[in-house]
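All chains are named by letter (A, B, ...) in the order of the sequence lines, taking the proteins before the strands, and each is independently numbered beginning at 1. From a predicted model like this one, the values you see are computed outputs, not experimental measurements.
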2 protein chains.
Amino acid sequence: MCLDKSTGLKKKRKYYKVQEYIKKNIQQGIYPIGSYLPSEHEICKQFDITRTTARKALDELLKEGFIEKEHGKGSKVLERSKSLGLLTVKGFTEAANHKVKTIMLLEPKIDNWSSSIAFPLKQDEVHANCVYFQRLRYINNKPIMLEHNWYAEEALELLKPDDFIEGSFFKTLSQKYFIEIKGSKQELRAEPANKEVANNLGLEEGQAVLHISICFKTSNPALNLYSELYCNTSEFPIRNSYFL
Amino acid sequence: MCLDKSTGLKKKRKYYKVQEYIKKNIQQGIYPIGSYLPSEHEICKQFDITRTTARKALDELLKEGFIEKEHGKGSKVLERSKSLGLLTVKGFTEAANHKVKTIMLLEPKIDNWSSSIAFPLKQDEVHANCVYFQRLRYINNKPIMLEHNWYAEEALELLKPDDFIEGSFFKTLSQKYFIEIKGSKQELRAEPANKEVANNLGLEEGQAVLHISICFKTSNPALNLYSELYCNTSEFPIRNSYFL
DNA sequence: AAGTGGTCTAGACCACGCG
DNA sequence: GCGTGGTCTAGACCACTTT
């Protein structure tokens, strides 16, 4: 399949260098969200390549959700979180009318890997130090989602709360470490709330909550993020879209 | 964007004709699942086109999940349901060890559009006749999911139970009508089971169930499938994967 | 009319899988 | 070694958007 795990870059593949160059410029804000990239013809000149190669680079960025193309106008830089197709709380992304707030309940600290993680850990992770942090997310000042998160310290380092760019873990990964989310596996269960969940979400014990287990894969093969989420979906259901 | 709604095919676009030709051959089983398509060079000769155009056609089929490419070997026909990325009950797709069964509780019949459909109907649909059917899905002889389904009769016709190929609505659409699922919107809620759901799934009233509302879009712009699903996730959680 | 992305041609060489 | 898909060149013309 000609994959490159950040290890063995195969020969040739000019388009990949162009793609990574443009991606970095987007991540660093040199090509800001909403702006247009240089035209395909200009990219050809800049890198001394043909249209085919330039278009291949842009097509990859399109697939990865960094840009969209507009016929007759150009390639526009997108806010990447929009296109990931991950489950999102209605309102967390389309939050025009909603006030969203995130409280860090437990700051990132070294801890033991929890048995409540739903997905099996990789070999390297089991023997690595584990960073754990816990957050509570609000919509309109109502607590909606309790979040437990784990990752291997070896893969990233221990983030301080101040490190979180605009309170977002993923934005921090992208803009500070140039690491992108490449995919996720999820499991969903409807469960009665236990005491901890009920207390945090302001519910009665035993009320139905949505339990989402996620393993996020990133462009760094050593780094996965494991999350266990508990959501009150009565007012804000979880949404997901998928389009070819 | 140069879309074609099965109406106005734009000029040129040779690759699209090739793509549709191959797709039809897959849907009709002329290129069976697991087999390899003719090589890119052969396709070039067959249609008198260049590699670029042939590859574009195959790339589209790749995106749509009909094939996968194997460097040095060829393009292999895939079982399409695998690649849709839609929410699926763990076991319904990877059911090697599980016995899956589907019972039709209410055969397709003309009915009124229900107010329990979570997504807004299109203009045309509101004024069209509504086809409704209800199914109960089992894993290992335990009822796991109660299914309500609606679609507009104008868009498809009233299916008889015998029409369902291998009990699958989507397989029927693909193989009999050449209609493919192009995407979906979903909303998920954890809810207490009402009496109907509890009775069908063998639960106590009030136990937590996962309520999934789906609007499936198809390659026929007039045809959407609306589904309201109620799942017992205690033994078989719902799974979802997403990869770039 | 000028500039953008979309499609297409007619080649070439490279990397992978297999016998 | 041969056939497969992967990358790339150097052009051409078309369709869409904006001025």
Side-chain angles (χ1 to χ4, degrees), chain A residues 1-5 7-23 26 31 34-78 244, chain B residues 1-5 7-23 26 31 34-78 244:
Chain A
M1 259 306 204
C2 227
L3 292 174
D4 46 277
K5 317 268 193 192
T7 55
L9 291 199
K10 295 304 186 298
K11 284 176 197 174
K12 287 276 186 174
R13 303 240 288 156
K14 288 189 184 185
Y15 77 85
Y16 184 74
K17 296 191 192 85
V18 177
Q19 171 190 342
E20 290 303 299
Y21 176 86
I22 296 174
K23 186 189 291 183
I26 292 175
Y31 299 143
S35 71
Y36 288 90
L37 297 183
S39 78
E40 296 181 351
H41 294 281
E42 278 182 49
I43 292 174
C44 293
K45 286 181 215 157
Q46 262 188 53
F47 292 91
D48 191 32
I49 53 178
T50 55
R51 277 285 294 295
T52 313
T53 307
R55 281 179 64 78
K56 173 75 172 169
L58 293 179
D59 282 349
E60 290 299 314
L61 293 171
L62 185 69
K63 266 201 289 189
E64 294 183 54
F66 282 95
I67 62 170
E68 71 182 346
K69 292 182 165 195
E70 297 174 6
H71 195 173
K73 297 180 73 176
S75 299
K76 187 193 274 183
V77 178
L78 288 181
L244 289 172
Chain B
M1 259 307 204
C2 226
L3 293 173
D4 47 277
K5 317 270 192 191
T7 55
L9 290 199
K10 294 303 185 298
K11 285 177 195 172
K12 288 275 187 174
R13 303 241 286 156
K14 289 189 182 182
Y15 77 86
Y16 184 76
K17 295 190 193 85
V18 178
Q19 172 190 343
E20 291 303 300
Y21 176 87
I22 296 174
K23 186 189 291 184
I26 292 175
Y31 299 143
S35 70
Y36 288 90
L37 297 183
S39 77
E40 296 180 352
H41 293 281
E42 278 182 48
I43 292 174
C44 293
K45 286 180 213 159
Q46 263 188 51
F47 294 91
D48 191 32
I49 54 178
T50 55
R51 278 285 295 295
T52 313
T53 307
R55 281 180 64 77
K56 173 75 173 169
L58 293 179
D59 282 348
E60 291 299 313
L61 293 172
L62 185 70
K63 267 201 288 189
E64 293 183 55
F66 283 95
I67 62 170
E68 72 182 345
K69 292 183 165 193
E70 296 174 6
H71 193 174
K73 296 180 74 176
S75 299
K76 186 193 274 183
V77 178
L78 290 180
L244 289 174

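- Protein atom CG of A/Leu37 is 9 Å distant from nucleotide atom P of C/dG5, rounded to whole Å.
- Between the CZ atom of A/Arg51 and the C1' atom of C/dG3 there is a distance of 11 Å, given to the nearest Å.
- Nucleotides of DNA chain D nearest to B/Thr52 and B/Glu42 differ in position, and the one nearer the 5' end is that of B/Glu42.
- Atom CD of A/Gln19 is separated from atom P of D/dT7 by 10 Å (rounded to the nearest Å).
- Put simply, CD on A/Glu60 is 12 Å from P on D/dG6, counting in whole angstrom units.
- Residue whose closest nucleotide on DNA chain C sits further toward the 5' end, between B/Lys73 and A/Glu40: A/Glu40.
- Contact annotation for A/Tyr36: no contact, since no heavy-atom pair falls under 4.0 Å across all strands.
- B/Glu60 and B/Tyr16 form no side-chain donor-acceptor contact under 3.5 Å, judged by distance and modelled atom types alone.
- Not one side-chain nitrogen or oxygen of A/Arg13 sits closer than 4.0 Å to the OP1 or OP2 atom of D/dG6.
- Checking A/Leu37, A/Leu62, A/Ile43, A/Leu61 one by one against A/Ser75, the side chain to side chain contact (heavy atoms under 4.5 Å, CB included) holds for a single residue, A/Leu37.
- Each of A/His41 and B/Leu58 lies near DNA chain D, and the nucleotide nearest B/Leu58 is the one positioned closer to the 5' end.
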Subject >> Worked check of side chain to side chain contact (heavy atoms under 4.5 Å, CB included) between B/Lys76 and B/Ile67 >> reply: CA-CA 5 Å; B/Lys76 186 193 274 183; B/Ile67 62 170; over 6 Å; no
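- Atom NZ of A/Lys17 and atom C1' of D/dC8 are 12 Å apart (whole Å).
- A/Ser39 comes within contact range of the sugar-phosphate backbone alone, with a heavy-atom separation under 4.0 Å but no base atom that close.
- Among the heavy atoms of the strands lying under 4.0 Å from B/Thr53 are primed sugar atoms or P, OP1, OP2 only; no base atom is included.
- B/Ile43 has its CD1 atom 12 Å from the C1' atom of D/dT4, to the nearest Å.
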Subject >> side chain to side chain contact (heavy atoms under 4.5 Å, CB included) assessment of B/Lys14 paired with B/Phe47 >> reply: CA-CA 9 Å; B/Lys14 289 189 182 182; B/Phe47 294 91; over 6 Å; no
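- Between B/Glu70 atom CD and D/dG5 atom P there is a gap of 10 Å when expressed in whole angstrom units.
- As a whole-Å value, the separation of B/Arg55 CZ from C/dC14 C1' is 13 Å.
- In this structure, A/Tyr15 reaches the D/dT7 phosphate: one of its side-chain N or O atoms is under 4.0 Å from OP1 or OP2.
- Closest to the A/His71 side chain, of the nucleotides D/dC16, C/dT7, D/dT9, is D/dC16.
- Contact check, B/Lys56 against C/dG6: no side-chain N or O comes under 4.0 Å of OP1 or OP2.
- Proximity note for B/Lys69 (side chain, C-beta onward) versus D/dG5, C/dT7, D/dT7: the nearest is D/dG5.
- At most 12 non-hydrogen atoms from other residues, nucleotides or ligands lie less than 6.0 angstrom from OH of A/Tyr21.
- Nearest nucleotide to the side chain of B/Thr50, out of D/dT7, C/dG5, C/dT9: C/dT9.
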